[in-house]
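Working notes, beginning with the structure itself.
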Amino acid sequence: MGTGSSNVSSGDRRRLSFTDLFFMSFGGQAPFISLLTFGTVMIALVGREGAFAMVLATFIVLFNGLVVYFLSKRYSRGGGYYTYAYYSLTSRIGFNTGWNYLIYAISYGGTLLTGGAYVLYTVLSMVLPPSFPLLKQWLLALIIMSVASCMVIAGVRVSARYAMVMSTVEMISLFSLAVFFLYDSGWHFYNPLPHSINPTLLAAAVFGLGIPTGYGSIAPLGEDAKASDIGKAAVAVLLFGGSLAVFFFYSLGALNFTGNLVLYLLSRFGIIGLIILGFIALNDGTLGGVSYILANSRTIEAMSGDHFFPSFLSILRNNRPLYVEIFTSGIFIAALTLMVYFVGLYNAFVILGALAGLNNLFIHLSANASLVKISMRRLRKYIVDVFVGILAFIISLSVLFYSLPSLNKYVVYLFFGWIILGFFTVEGIEIIRTHSNE
């Protein structure tokens with residue numbers, strides 16, 4: 001179903017194995033940076049209840065991940081969420097889903113890139129004089145984004161190998177840190193359950209959605225991997241990443257920690273921690289950027305193939321979508337560098353993190369509706385799919401509305417403004433098409 005048009009057969013491009021997808025998805029989480037940056041915001045919001053907020057976020061992400069698992073088995077074409085909605089719902093809803101995925105990938109990938117740059121800037125500012133030429137926030141962001149873009153343009157296999165090595169390093173580092181925090185607390189174990197579920201806890205969960213959702217970066221890679229492998233890797237990595245994050249937050253709660261994680265690690269581990277933290281931040285931000293630049297390029301490629309975007313973006317060169325990779329990389333570099341230049345790394349991270357959480361919920365609402373509609377055609381065979389889709393839809397919609405009051409109003413305005421702009425854009429495209437046909 002939904003194979004769509006392509007310049008070459010899909011099989012010719014499927015170079016990624018399940019293992020490649022797992023590590024690319026884990027790299028798409030950029031777990032070290034995510035826990036340091038998203039984690040700092042979550043702890044500031046709910047303190048010791050951060051572990052429970054992370055459980056809640058993982059629960060929400062699990063159902064949305066299962067939706068991707070079921071849908072990816074039915075569509076072999078690339079484009080991910082856009083393709084699911086385009087063929088399951090309507091072309092207009094498909095466009096709006098892809099439209100929102102574009103800003104989701106930029107904001108989520110941008111969160112990881114700016115988070116990595118923020119940690120690196122913090123480290124460098126402690127060892128370099130303020131007048132040092134490289135010690136400019138926008139310049140560090142530009143450097144990390146340029147490295148990530150070069151990695152993407154070097155090819156998907158290069159990106160996969162890089163993800164495998166660095167993801168393994170991060171797994172070991174995060175688990176070791178969590179155990180160390182528990183040791184530092186005197187092995188203090190506590191009850192992480194909150195007294196009540198409130199909007200602040202849900203807002204923390206919205207930020208927590210950004211931690212185990214690396215599978216969002218592999219969903220659009222249908223042209224580069226087997227559809228069945230994408231679904232399996234999506235579920236496997238979100239459970240693994242979510243569990244690791246819960247353990248990490250629980251160990252911090254044992255310390256009664258409520259401050260800035262980056263500064264705490266620097267003060268706790270000294271110069272050795274300084275070097276290690278700077279190295280991981282650089283690679284982690286790069287890895288997250290690579291995953292989402294790739295994902296965005298495949299979504300734009302699919303939308304271009306359906307004539308929503310200029311056709312040159314779906315042209316293959318040497319059996320790969322090189323032009324759209326360069327185009328997407330340019331958008332990432334320009335948009336994020338300008339944003340950091342005007343508001344700074346930390347503010348850029350907070351804005352992009354909230355925007356990523358909201359758009360994450362939106363594209364999954366579309367995917368959930370897609371699964372329900374397509375499964376209703378053969379209800380007896382796909383009753384489990386329908387149940388998962390409906391439950392995931394209700395959960396995502398509830399979290400979306402309950403978290404809105406706790407988020408910055410300008411972020412909310414931008415979120416709804418982008419949706420409205422997408423609506424008018426697709427209507428304009430349809431009017432032009434109708435006029436051309438006449």
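Basis for what follows: all heavy atoms, side chains included, without hydrogens, waters or symmetry-related copies.
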### Query
Given T168 and F23, is the side-chain contact (heavy atoms from CB on, under 4.5 Å) satisfied, shown in steps?
CA-CA 8 Å; T168 303; F23 283 106; 3.6 Å; yes

### Summary
Correct closest heavy-atom pair for Y292 and G109 would be CB-CA, 3.9 Å

#### Entry: Side chain proximity check, W99 to L421, heavy atoms < 4.5 angstrom
yes

## Note on the structure
Rounding to 0.5 Å, atoms CG (N368) and CD1 (I394) come to a distance of 10.0 Å

### Query
Hey, do the aromatic rings of F181 and F248 have their centres closer than 6.0 Å?
yes

### Query
Can you check whether L177 reaches F32 side chain to side chain, under 4.5 Å on heavy atoms?
yes

### Query
Roughly how far, to the nearest 0.5 Å, is OH of Y118 from OG1 of T114?
11.0 Å

### Query
Shortest non-hydrogen contact from G216 to A295?
O-CB, 4.4 Å

### Message
Between S251 and L255, is there a side-chain heavy-atom distance shorter than 4.5 Å?
### Response
no

### Query
Checking side-chain contact (heavy atoms from CB on, under 4.5 Å) for the pair F387/V384: CA distance, chi angles, key distance, verdict?
CA-CA 5 Å; F387 172 77; V384 174; 5.7 Å; no

### Query
Which distance, rounded to the nearest 0.5 Å, do you find between the OG of S107 and the CG of L355?
4.5 Å

### Message
I'd like to know if the side chain of S396 pairs up with that of N64 as donor and acceptor (distance under 3.5 Å, no hydrogens or angles considered).
### Response
yes

## Note on the structure
All heavy atoms of A219 vs all of I230, minimum pair found to be CA-CG2, 4.0 Å

### Query
What are the two closest non-hydrogen atoms of A348 and V340, and how far apart are they?
CB-CG2, 4.1 Å

### Query
Side chains of S88 and Y75: do they bring a donor and an acceptor to under 3.5 Å?
yes

### Task
Calculate, to the nearest 0.5 Å, the distance between atoms CD1 and CG belonging to I333 and L336 respectively.
9.0 Å

### Task
Determine the interplanar angle of the Y410 and Y413 rings, folded into 0 to 90°, and report it as parallel if under 30°, tilted if 30 to 60°, perpendicular if over 60°.
perpendicular

### Task
Measure the shortest side-chain to side-chain distance between F393 and V67 over non-hydrogen atoms and say whether it is less than 4.5 angstrom.
no

### Task
Could you check N296 against F332 for side-chain contact (heavy atoms from CB on, under 4.5 Å), going step by step and ending with a plain yes or no?
CA-CA 10 Å; N296 229 1; F332 263 79; 3.6 Å; yes

### Query
What is the minimum heavy-atom distance between P212 and L238, and which atoms define it?
O-CB, 3.5 Å

### Query
Does the ring center of F63 lie less than 6.0 Å from the ring center of H364?
no

### Task
In plain terms, say whether D229 and K73 are close enough for a salt bridge, that is, a side-chain N and a carboxylate O under 4.0 Å apart.
no

### Message
Just verifying a value: how many Å separate N100 CG and L365 CG, rounded to the nearest 0.5 Å?
### Response
10.5 Å

## Note on the structure
Those residues at least two apart in sequence (or on a different chain) that pass ring pair (Phe, Tyr, Trp, His ring centres under 6.0 Å) with Y183 are none

### Task
Determine, stepwise, if the pair F362 / Y104 fulfils side-chain contact (heavy atoms from CB on, under 4.5 Å).
CA-CA 9 Å; F362 179 89; Y104 162 71; over 6 Å; no

### Task
Could you pull out all residues at least two apart from T299 that satisfy side-chain contact (heavy atoms from CB on, under 4.5 Å)?
Y82, Y101, L102, P220, M303

### Message
Taking the side chain as everything from C-beta on, heavy atoms only, tell me whether L287 gets closer than 4.5 Å to S167.
### Response
yes

### Query
Between E325 and R298, is there a salt bridge with N-O shorter than 4.0 Å?
yes

#### Entry: Ring-ring centroid check Y190 Y250, cutoff 6.0 Å
yes

### Message
Surrounding CZ of F180 (heavy atoms of other residues, nucleotides or ligands, distance under 6.0 Å), is the total greater than 12?
### Response
yes

### Task
Answer yes or no: is there a donor N or O on one side and an acceptor on the other, between the side chain of S291 and the main chain of M24, under 3.5 Å?
yes

### Task
Examine the side chains of S17 and D20 and answer whether a donor and an acceptor come within less than 3.5 Å of each other.
yes

### Query
Would R74 count as a cation-pi partner of Y382, with NZ or CZ less than 6.0 Å from the six-membered ring centre and within 45° of the ring normal?
yes

### Query
Looking just at side-chain N and O atoms, do S366 and T97 make a donor-acceptor pair shorter than 3.5 Å?
yes

### Message
Quick check: closest heavy atoms across A148 and L113, and the distance to 0.1 Å?
### Response
CB-CD2, 4.3 Å

#### Entry: Distance in Å, L182 CG paired with L252 CG, rounded so as to fall on 0.5 Å steps
9.0 Å

### Query
Sequence neighbours excluded, which residues qualify as side-chain contact (heavy atoms from CB on, under 4.5 Å) partners of Y341?
W138

### Task
Side-chain contact test, heavy atoms from C-beta onward, threshold under 4.5 Å: evaluate it for E49 versus L193 and give yes or no.
no

### Task
Measure the shortest side-chain to side-chain distance between M171 and F240 over non-hydrogen atoms and say whether it is less than 4.5 angstrom.
yes

### Message
Has N96 got a side-chain atom pairing as donor or acceptor with F423's backbone, closer than 3.5 angstrom?
### Response
yes

### Any side-chain heavy-atom pair of F308 and Y86 under 4.5 Å
yes

### Query
Does the salt bridge (charged side-chain N to carboxylate O under 4.0 Å, His left out) test come out yes or no for D306 and R77, once each step is laid out?
CA-CA 12 Å; D306 292 326; R77 186 193 185 198; 2.9 Å; yes

